[in-house]
Amino acid sequence: MQKQIMKKLKRGAIGPASALAIAISACGLAIMPEQAIAQASPADTVVIAIEANLSRLDPHASTTWNTFRVIMHVFEGFVAEDLTRDDVTQPPLVPALAESWDISDDGLTYTFNLRKGVKFHDGTNFDAAAVKFNMDRMLDPEFEYYQSIASGLMRWMWQDLESYRVVDDYTFEIKLETPNIEFLRRLAMGGSGTPRFISPTSIRENGNDSVETNPVGTGPYKFASRSIGELTVLKGNSEYWDENRTPTIERLMFRPISEVATRELALRSGEVDMISSPSPDSVEQLEAAGLDIVSSPVSTIYMMWVNFKEEALSDVRVRRAVCMALDRDGMAEFHRNGFARPATGILNYGGPGYDPDFKDCEYNPEGAKALLAEAGYPDGFKTRLDWTMGGGGDVNTVGDAEWIQRDLAKIGIDASIEVFDNGTYWDMLGGGIREGTGFMSVSWGETSFFWLDQVIASAATPPNGFNAGYYNNPEIDQQLADARSSASESEMLGHLATLQRTIADDMAFIPYYTPIAIYAMQPNISGFVLAPQHWHDYTGLTKK
C-alpha cells in the first residue's frame with residue numbers, strides 16, 4: 001500500500017494578492033489589498049483553489065465530486081467514511097447522524113438509532129421527522145417539496161428500497177426489497193446526489209429551491225456566501241456535535257480556477273493557500289518554490305464511454321481494436337509523468353474487486369489494424385472525441401484526448417476533439433453521447449461499486465443515468481443484481497470478477513489510467529490528510 005507523501009522545502013517568494021483581498025473583504029473580513037501582499041489570507045482562513053465551478057449545492061440534486069468536497073462539510077447522513085486515515089485502500093465506515101444501527105437477519109431491514117441533541121444550523125432539531133422529510137423529498141413525487149432531479153440521479157441509492165418509516169422520535173427504519181451488501185457504504189457516498197439531510201424548516205420557510213442559495217445542514221461548517229463562478233465561503237460551526245471534528249479553521253474559501261497554470265500561479269503568488277490537482281509536470285517546480293506536495297492513490301479510473309449507436313463501434317472487433325491501439329503504459333509514465341497507473345479493467349483501485357493484474361486487452365497496434373480490416377475498415381474511419389476540461393481531481397484532460405487521438409491515428413482512425421466546460425459536459429453525458437461522437441470520457445470509480453449501477457446497467461441509459469453509450473447487456477444487469485444481493489464479501493467479489501470479464505469481452509468501456517491525486521499548499525498549512533477518496537475532510541486543517 002502506498003502511503004501519503006509529504007515533502008517540505010523552503011518557502012518561495014509571495015507576490016501580490018489584491019484580488020483575493022477584495023474577495024475576502026466582500027465576505028466581511030477586514031483585510032485591505034496592501035495587507036494581502038504580506039499575508040494571502042488571515043490566520044483563521046484557508047483559501048482553496050479548485051478545478052471547476054460548483055454545481056448545485058442541494059445534496060439531493062448535486063453532481064460532481066468537486067461540489068461534494070464542499071457540501072459534505074455542510075450536510076451529513078446516517079453514516080460517513082473516516083477520511084482522517086491515509087493508511088488504508090478503502091476508508092472505514094463510521095457513525096454520523098445515526099450513532100448505531102441494527103440489521104435484520106435477512107438483511108432487509110435497517111433500523112437507525114439517531115443521535116440526540118443535534119441541531120441544524122438554523123436551530124431546528126435533527127430527529128426522525130427530519131429524516132422522513134428528506135426521504136420524502138428524494139423519493140415521493142406527491143410530496144410538496146419533492147426534488148424531481150433526485151429521482152433519476154439517485155437511483156443507484158434507492159433502487160432496492162421497499163419502504164421507510166418513523167419508529168419513534170429518534171429511530172428510523174428502512175426496508176429493502178432485496179438485500180444490498182453495500183447499502184451502508186452507499187449511504188456515505190456523494191458526487192451524484194447524496195442521501196444527506198437538509199433542515200426541513202429552511203425549506204418550508206424559504207421554498208424548495210432555497211437550498212441553492214441557503215443550504216442548511218448539521219455539518220462542521222455552515223454556508224456563509226457564494227458568488228457563482230468566483231467564490232464559495234463556509235464558516236465553522238462552533239456548536240458542532242462531534243468535538244473531535246470541530247473545525248480549527250474558521251473560514252474555508254473555495255475558488256474555482258479551471259486553468260491549471262492559473263491555479264498554480266495563484267498558489268505561487270500567495271493568492272491561495274492550497275490547490276487541488278496541479279499538473280504532474282509542475283510538481284518539481286512547485287517543490288523548488290518552497291511549496292508542500294501531498295500525493296496518494298485515489299479510487300478513480302479514467303475511461304472512455306463507447307457510443308454503441310455509431311455503426312463502426314457497434315462491432316466488437318472495432319471496439320477491441322481501439323483498446324489495443326492505446327499505449328496506456330506510455331500515457332501513465334510520460335503524459336502523466338508517473339502520477340498515474342495504467343487502468344486495464346473497469347473495477348477501480350480502492351473499490352471492491354480491484355485486480356491490478358487484470359487485462360482487458362494488450363497494447364498491439366498492428367493487431368488492432370488487422371481487426372479493423374477484418375471488420376471492414378481497412379482504411380479506418382472518422383469519429384469524434386467529446387471531452388471536458390475537467391472537474392474534481394482532473395488536470396490536463398485535453399492532453400489525454402490528444403494522446404488518445406494520436407494513438408487512434410496510428411491505426412487509421414481519424415478522431416477530432418471537441419472540448420466543453422465541466423458543467424455542460426456532465427449535462428451532455430447525462431443526455432447520451434451525441435450522434436457523430438464515438439467516445440466521451442470522465443474519471444469515475446468509487447470505494448463502493450454503486451457507480452456501475454449508474455454507468456453500465458441497461459436501466460441507466462439517459463435520462464435515467466450515465467450509461468451514455470447505450471450499452472445493453474442483460475447479463476451485466478443480472479451480475480450487478482447478484483453482486484448487490486451477495487450474502488458475503490467473497491460472494492460479492494466473485495460476481496464482480498465475472499462482471500469485469502463480461503465488460504472486457506464486450507469492450508463496452510475502455511479504461512486508460514488511474515491517477516495519483518496531488519495537492520499543493522503553502523508550508524504554513526498542516527493537518528491535511530489525503531485519504532483514498534475523491535473528497536477530503538478539511539476540519540483538521542491548521543494554519544501557522
Side-chain angles (χ1 to χ4, degrees), residues 6 14 17 19-24 26-27 29 31 36 39-55 57 64-74 83 190-191 219-236 247-279 282 286 291-296 298 390-395 422 517-531 533-544:
M6 171 70 86
I14 298 298
L20 175 66
I22 294 170
I24 293 174
C27 295
L29 302 179
I31 181 168
Q39 184 180 27
S41 60
D44 66 352
T45 300
V46 170
V47 183
I48 305 169
I50 56 180
E51 301 95 330
N53 290 330
L54 303 183
S55 73
L57 301 184
T64 79
W65 296 328
N66 196 51
T67 304
F68 190 61
R69 289 178 188 171
V70 177
I71 65 173
M72 63 165 281
H73 292 82
V74 177
L83 301 180
Y221 278 91
K222 301 178 180 181
F223 174 79
S225 64
R226 182 185 185 189
S227 177
I228 294 177
E230 296 180 4
L231 190 71
T232 298
V233 183
L234 303 184
K235 182 179 180 180
T248 53
I249 294 294
E250 174 64 15
R251 288 177 179 83
L252 296 178
M253 295 185 168
F254 297 90
R255 287 184 60 190
I257 304 178
S258 59
E259 291 291 336
V260 63
T262 307
R263 202 158 61 244
E264 292 169 1
L265 181 60
L267 180 67
R268 292 172 67 105
S269 68
E271 289 187 22
V272 302
D273 298 301
M274 298 174 61
I275 65 171
S276 52
S277 304
S279 170
S282 301
L286 292 172
L291 301 162
D292 290 345
I293 300 295
V294 181
S295 66
S296 183
V298 65
D394 301 321
V395 61
N422 199 48
I518 311 170
Y519 267 71
M521 62 201 72
Q522 304 292 349
N524 63 339
I525 301 296
S526 59
F528 177 66
V529 177
L530 188 49
Q533 185 50 282
H534 310 297
W535 41 87
H536 321 296
D537 186 346
Y538 294 118
T539 59
L541 289 180
T542 59
K543 184 175 182 180
K544 298 177 183 177

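Just so you know, these numbers come straight off a predicted model, no measurement behind them.
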Quiz item: Looking only at heavy atoms, what is the nearest atom pair of L286 and A520, with distance?
Solution: CD1-CB, 4.2 Å
Quiz item: Which atom pair, heavy atoms only, marks the closest approach of P523 to L291?
Solution: CD-CD2, 4.5 Å
Practice problem: Over all heavy atoms of both residues, which pair between Q522 and G270 is shortest? Give the atoms and the distance, please. | Solution: NE2-CA, 3.8 Å
Practice problem: Quick one: pull up NZ in K222 and CG in L234 and give me the separation to the nearest 0.5 Å. | Solution: 12.0 Å
Practice problem: For Q533, enumerate each residue passing the side-chain hydrogen bond (donor to acceptor under 3.5 Å, both in side chains) test, keeping only those at least two apart in sequence or located in another chain. | Solution: E81, T447
Exercise. Please check if the side chain of R69 supplies one atom and the backbone of H534 the other of a donor-acceptor pair under 3.5 Å.
Key: yes
Exercise. Check A52 against N66 and note the closest heavy-atom contact, atom names and distance.
Key: O-ND2, 2.6 Å
Quiz prompt | L231 CG to F254 CZ distance, which is reported to the nearest 0.5 Å | solution = 10.0 Å
Exercise. Could you list all the ring pair (Phe, Tyr, Trp, His ring centres under 6.0 Å) pairs where at least one residue sits in residues 259-279, not counting sequence neighbours?
Key: none
Self-check item: Heavy-atom check, side chain of V529 versus side chain of L83, under 4.5 Å
Solution: no
Practice problem: With rounding to the nearest 0.5 Å, note down the distance linking CG in N524 to CG in D292. | Solution: 9.0 Å
Quiz item: T262: what forms a side-chain hydrogen bond (donor to acceptor under 3.5 Å, both in side chains) with it, not counting sequence neighbours?
Solution: none
Quiz prompt | Parallel, tilted or perpendicular, as decided by the 30° and 60° cut-offs, for the rings of H536 and F528 | solution = perpendicular
Exercise. Using side-chain contact (heavy atoms from CB on, under 4.5 Å) as the criterion, list what pairs up with P247, not counting sequence neighbours.
Key: P220, Y221
Quiz prompt | Partner set under ring pair (Phe, Tyr, Trp, His ring centres under 6.0 Å) for F223, not counting sequence neighbours | solution = none
Practice problem: Give the minimum heavy-atom separation between I249 and A43, together with the two atoms involved. | Solution: CD1-O, 4.0 Å
Quiz item: In chain order, what residues pass the side-chain hydrogen bond (donor to acceptor under 3.5 Å, both in side chains) check against T67, with sequence neighbours excluded?
Solution: S55, T64
Quiz item: When rounded to the nearest 0.5 angstrom, what distance separates NZ in K543 from OG1 in T45?
Solution: 6.5 Å
Practice problem: Rounded to the nearest 0.5 Å, what's the gap from CD1 on I71 to CH2 on W535? Could you check? | Solution: 10.5 Å
Quiz item: Does the side chain of S277 reach to within under 4.5 Å of the side chain of R263, using non-hydrogen atoms?
Solution: yes
Quiz item: Under 4.5 Å between any side-chain heavy atoms of D44 and R251, yes or no?
Solution: yes
Quiz prompt | Student check: side-chain heavy atoms of R255 and E230 closer than 4.5 Å | solution = no
Exercise. Measure across L54 and T232 and return the closest heavy-atom pair with its distance rounded to 0.1 Å.
Key: CD1-OG1, 3.4 Å
Exercise. Identify, with sequence neighbours excluded, every residue that meets side-chain contact (heavy atoms from CB on, under 4.5 Å) alongside A266.
Key: I257, E271, V272
Quiz item: Taking only residues two or more places apart in sequence, or in another chain, which ones meet A261 in a side-chain contact (heavy atoms from CB on, under 4.5 Å)?
Solution: none
Quiz item: Does any non-hydrogen side-chain atom of L252 lie less than 4.5 Å from one of L541?
Solution: yes
Self-check item: Residues that E259 engages under side-chain hydrogen bond (donor to acceptor under 3.5 Å, both in side chains), provided they are two or more places apart
Solution: none
Quiz item: How long is the span from the CE atom in M72 to the OH atom in Y538, to the nearest 0.5 Å?
Solution: 9.0 Å
Self-check item: Residues that T248 engages under side-chain contact (heavy atoms from CB on, under 4.5 Å), provided they are two or more places apart
Solution: T542
